[in-house]
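Encoded as structure tokens, the structure appears first; notes follow it.
Numbered from 1 within each chain, the chains take letters A, B, ... in sequence-line order.
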Amino acid sequence: MTALPQSCEKKLGLVIDLDTCVGCHACVVNCKEWNTSNYGAPLSDTDAYGADPSGTFLNRVHTYEVTPDVGVPQIVHFPKSCLHCDDAPCVTVCPTGASFKRSEDGIVLVNEDDCMGCGLCAWACPYGARELDALAGVMKKCTLCVDRIYNENLPEEDRIPACVRTCPSGARHFGDLGDPDSDVSKLVADRSGVDLMPEMQTKPVNKYLPPRPKDTLLQDSAALELVATEPKGFLAWLDKALGAL
Amino acid sequence: MNPAPSVIVFSSLTGLGFGLLAWLGLGIPDVTGAAAFLMYALGYGLALGGLLASTFHLGNPGNARKAFSQWRTSWLSREAILAVAALLIVAPYAFGRVFLGGAPAELGWLGALACVATVFTTAMIYAQLKTVPRWSTPMTPVLFLGYAVGGGALLAGQATLATILLAFLGVVQLGAWTLGDARFADVGSTLETATGLGAIGSVRQLEAPHSGTNYLLTEMAYQIGRKHAVKLRIIGFLFAIALPLLILQATPGGLLWMALAVVCHLVGVFATRWLFFAEAKHVVALYYGK
């Protein structure tokens with residue numbers, strides 16, 4: 001049923017630390033590996049070894065350059081997957097009932113047996129979290145590794161999403177964001193976590209921790225200023241001699 | 001947005017078809033027998049052809065019948081139900097008109113209402129998407145309804161009615177373009193809000209997440225339309241509105257002139273509807289620096 005639950009007992013989601021993400025794409029690879037070999041249709045690739053490779057991914061890492069008004073630019077690696085929004089517009093637009101949000105833990109899922117592949121949910125998502133698989137013709141999205149987190153056949157340390165499990169820099173955290181006393185909620189409070197595109201009114205569960213303030217050493221770019229514009233002494237002679245050649 | 005041909009054919013033809021069926025339901029024109037048969041055949045042909053085209057872009061059409069189930073929240077589901085309901089309500093009325101020399105007027109009015117409501121739900125599929133600011137305005141249903149009743153009147157051969165409605169449609173279309181141009185900025189989505197990094201400074205894409213293309217880029221970051229937008233607007237306006245108006249006002253009329261006006265209008269509708277999709281920018285394009 002595509003009506004959103006009135007409230008969710010838990011709000012499971014991710015907290016992504018943009019300060020520590022190194023942009024290695026390990027989460028992208030492990031996400032693809034887990035989700036192509038387990039629940040639902042595989043994440044297909046087309047022309048994977050040809051001139052125009054393309055494929056379905058549930059998690060992608062962008063890289064941006066942020067330039068402050070004063071000081072030097074910085075690079076921010078930016079992993080992006082489904083934010084499991086409280087007000088998920090992708091769910092309510094679904095005509096077949098394939099898309100739904102679970103009331104027990106807030107995870108947004110697609111029942112592939114009901115999906116007709118119209119793509120309207122992908123249009124309704126501001127974050128590009130849903131991709132229609134080119135081969136299977138059904139909508140694929142992050143399941144928050146629902147087949148790992150409750151899976152008692154796995155060792156306990158593996159009962160977290162594949163992207164979180166594999167992150168070598170500890171930039172991804174998984175937990176209940178509906179519980180103000182959970183580790184992830186405290187992390188969001190401590191680091192002033194933000195919502196992506198709040199103007200879209202989706203109330204995302206996943207939060208992003210902005211990079212911590214940079215060292216002020218390069219604040220006014222002084223260290224990057226030229227120390228000499230005109231050569232002196234031997235260098236002045238060399239400059240003159242080479243110029244005359 | 002990627003203007004998939006099947007979606008353009010779907011929304012253009014169903015609009016015209018349901019527009020014509022709505023006028024016929026109101027008894028405009030008041031036809032029976034063979035004339036009614038031809039007109040209803042045209043209306044049903046356009047509406048059914050359009051609905052059939054809408055299934056061509058589905059990735060998994062085997063599940064299309066399930067689209068009738070989620071009317072509580074989904075405009076696409078409501079559209080599917082109303083379209084079928086409208087065609088079923090109009091059917092006995094059309095049968096009466098064609099074979100029995102008449103049918104109860106109330107049934108015709110109900111059919112007309114269902115036809116207009118179907119076009120409204122089609123428009124709401126697009127108008128509900130906050131992610132496409134150009135579409136998410138009340139102008140979208142007004143525009144779709146304008147095309148349906150204007151084109152429907154033209155197909156119904158109503159010169160005076162079509163003149164008034166096409167003139168109205170011209171104003172609505174120009175208004176929709178003008179207001180639409182400012183919508184993205186009004187909504188305020190930028191790469192800064194998209195990444196939450198605006199508090200630090202201005203953001204630009206340094207490296208894309210992948211070297212190839214993907215579903216999101218082909219589907220939602222389509223840019224060809226924007227390049228030729230002005231030319232296409234002129235072509236679309238000329239064919240959909242200006243030329244049919246000229247034919248209606250400056251020629252003696254008759255079946256041939258009417259048919260020419262209809263063909264012009266159809267060409268214009270395809271151009272403006274193509275632009276409706278191609279020109280619309282989805283906020284996800286921001287993440288890709290587009």
Please classify the contact of [X] with chain A as side chain, backbone, both or neither, using a heavy-atom distance under 4.5 Å.
X	answer
B:Leu129	side chain
B:Tyr126	side chain
B:Leu217	neither
B:Ile200	both

Option in [options] with maximal non-hydrogen atom pairs under 4.5 Å from chain B:
options	answer
A:Leu132, A:Val61, A:Val76	A:Leu132
A:Ala136, A:Ala98, A:Gly128	A:Gly128
A:Glu199, A:Glu131, A:Met200	A:Glu199
A:Ala122, A:Pro210, A:Gly55	A:Ala122
A:Leu18, A:Thr63, A:Thr56	A:Thr63
A:Pro211, A:Ala134, A:Pro213	A:Pro211

Would you say that [X] contacts [Y] through its side chain, given a criterion of any heavy-atom pair below 4.5 Å between the two side chains?
X	Y	value
B:Leu21	B:Leu87	yes
A:Asp86	A:Lys11	yes
A:Phe174	A:Leu144	yes

Please confirm whether the backbone N or O of [Y] pairs with a side-chain atom of [X], one donor and one acceptor, at under 3.5 Å?
X	Y	answer
B:Thr218	B:Tyr215	yes
A:Thr166	A:Cys163	no
B:Ser77	B:Ala67	yes
A:Asp195	A:Pro198	no
B:Thr131	A:Trp123	yes
A:Asn206	A:Leu14	yes
A:Ser54	B:Thr213	yes
B:Thr73	A:Thr92	yes
A:Lys101	A:His84	yes
B:Arg78	B:Arg72	yes

Given heavy-atom pairs under 4.5 angstrom as the criterion, report whether the side chain, backbone, both or neither of [X] touches chain B.
X	value
A:Glu65	both
A:Pro126	both
A:Val93	both

Checklist entry - Is the count of non-hydrogen atoms from other residues, nucleotides or ligands lying under 6.0 Å from A:Asp69 atom CG greater than 12? => result no

Next on the checklist: Is a donor from one side chain sitting under 3.5 angstrom from an acceptor on the other, for A:Lys214 and A:Gln74?
Outcome noted: no

Shortest non-hydrogen separation from [X] to [Y] and the atoms involved:
X	Y	answer
B:Lys290	B:Ala221	CD-CB, 3.9 Å
B:Leu275	B:Ala229	CD2-O, 3.8 Å
A:Pro89	A:Ala124	CG-O, 3.4 Å

Item to check | ring-ring contact (aromatic ring centres under 6.0 Å, His included) partners for A:Tyr208, two or more places apart | outcome: A:Phe78

Out of [options], return the one with the most heavy atom pairs under 4.5 angstrom to chain A.
options	answer
B:Val283, B:Ile125, B:Thr55	B:Val283
B:Gln205, B:Glu219, B:Arg204, B:Met220	B:Arg204
B:Gly196, B:Ser189, B:Ala64, B:Ala285	B:Ser189
B:Gly188, B:Gly212, B:Pro209	B:Pro209

Checklist entry - Of all the residues in residues 135-144 of chain B, which have a heavy atom that comes within less than 4.5 Å of a heavy atom in chain A? => result B:Trp135

Next on the checklist: Please output the residues of residues 20-49 of chain A in contact with chain B, using a heavy-atom cutoff of under 4.5 Å, in numerical order.
Outcome noted: A:His25

Checklist entry - What residues of residues 108-120 of chain A sit under 4.5 Å from chain B when you count only heavy atoms? => result A:Glu112, A:Asp113, A:Asp114, A:Cys115, A:Met116, A:Gly117, A:Cys118, A:Gly119, A:Leu120

Item to check | B:His282 ring center near B:Tyr287 ring center (under 6.0 Å) | outcome: no

Checklist entry - Rounded to the nearest 0.5 Å, how far apart are OG1 of B:Thr193 and CG of B:Leu286? => result 7.0 Å

